[in-house]
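Atoms within a ligand are numbered from 1 in the order they appear, just like the ligands themselves. Worth knowing before you read on, the calculation uses all heavy atoms, side chains too, and leaves out hydrogens, waters and symmetry mates. All residue numbers in this chain count up from 1 along the given sequence.
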Amino acid sequence: MKDRIGQLMADVAAAEFSGEDEVEAFRVAYLGRKGKMKDLMAAFKEVPGDQKRVLGPMLNALKQAVEDKVKAASGVSASKVKASGLDATRPSGGVPLGTHHPLQVVRREIVDIFQNMGFAVAEGPEIEDDWHVFSGLNFPPEHPARDMQDTFFVERNPDVLLRTHTSSVQVREMEKREPPMRLIMPGRVFRNEAISARAHCMFHQIEGLYIDKDVSFADLKQTLLHFARCFFGPDTDIRLRPSYFPFTEPSAEVDVYWGLKTEVDKRITKGTGWLEILGCGMVDPNVLEANGIDPNVYSGFAFGMGIERITMLRYQIGDLRHFFENDRRFLNQFAGER
Ligand code: PHE
């Protein structure tokens, strides 16, 4: 038995392989279920005790030699792969992660600010009817105010249309709820406009609505000032300019003070230092009444802003079309933003 082990030791030492298959065949021949080691172990059981003390370590050494050989041979084949120009040890490139879309980043931030003030999120359908987009918001039929927003009608039916503003969600929520209500309503809107750097046929708005007893214009102004300071920085100033919307009275447009330090500041603020960010006003009593809320008991304010516009200001993006092209060179610039 001693000789048999000695012979196998020599065989193992001399073994050579020219491929992965041969290494595996070698391993099976020695260590497999019907392999040479198995036979030796069977024979080992039969030998007298004193010989076991000598043969035991020899058997262990043989097994170890086979294992080392197999291990080394695998290394050889890896280095063959290397020689072929493939580097199997090179770390993989990793799976690239997606990024949040800048509109999503800004939408979330705006919603967060209002949620912290106790506003709840509400959403409504993109395909609407005349009542929710216009009539329920005090746009009389044939009123020129309807021309403020070029509407996409679906299937030539004047009562099936794509919403032109998120104010439609105000109407839906007033139908559903009793005051007090404090809501923030993000969503996509559509207008039949020529696509350019400054206009698109679809964009996103965030609408706010607060209805309760004794809601005043001062509440509106303070709420918007707080928002502007959270979003644009603690020293931000705002100003309100009188404006017109059919569903609010009085109405205003809100500007933030942007500054006039650089040439870009001068260009984007048209030399004034101020930038318009949203429209707002006190909910018109006609709107409350049309939606079943008693204007003698309740008052409210509403506001609406374009997410694209605010995002362009925040990141100094010069062309609205970037948002809808999904060019990864553009989107990857927002990696890490959340
Ligand atoms: N819906 C208006 C727009 O699309 C914005 C607005 C909302 C104005 C709420 C006042 C109150 O321009």
**Sub-4.0 Å atoms of ligand 1 with respect to non-hydrogen atoms of Ser167** = 1 (N), 7 (C)
**Fill in**
Taking only non-hydrogen atoms of Gly279 and a 4.0 Å limit, the atoms of ligand 1 in range are 6 (C), 8 (C), 10 (C)
**Prompt:** Hydrophobic cluster mates of Val189, side-chain heavy atoms under 4.5 angstrom, ILVMFWY only, any path?
**Reply:** Phe203
**Message:** Between Phe301 and Thr223, is there a side-chain heavy-atom distance shorter than 4.5 Å?
**Reply:** yes
**Complete:** Checking heavy atoms under 4.0 Å, the part of Phe247 that sits near ligand 1 is side chain
**Prompt:** With backbone taken as N, CA, C and O and side chain as the heavy atoms from C-beta onward, which portion of Cys280 lies under 4.0 Å from ligand 1: side chain, backbone, both, or neither?
**Reply:** backbone
**Request:** Nearest heavy atom to atom 3 (C) of ligand 1 wins, so pick from Glu253, Gln170, Gln205.
**Result:** Gln205
**Asked** Below 3.5 angstrom, do we get any N/O pair linking Glu207 and ligand 1?
**Response** no
**Prompt:** Do Gln7 and Asp11 get their side chains close enough for a donor-acceptor pair, meaning under 3.5 Å?
**Reply:** yes
**Message:** Is the shortest side-chain heavy-atom distance between Arg172 and Glu128 below 4.5 Å?
**Reply:** yes
**Request:** Give the intermediate values and the outcome of side-chain hydrogen bond (donor to acceptor under 3.5 Å, both in side chains) for residues Gln64 and Asn60.
**Result:** CA-CA 6 Å; Gln64 189 62 49; Asn60 282 339; over 6 Å; no
**Request:** Out of Tyr244, Phe245, Phe203, indicate the one that has the non-hydrogen atom closest to atom 8 (C) of ligand 1.
**Result:** Phe245
**Prompt:** Is any side-chain heavy atom of Phe324 less than 4.5 Å from a side-chain heavy atom of Ile195?
**Reply:** no
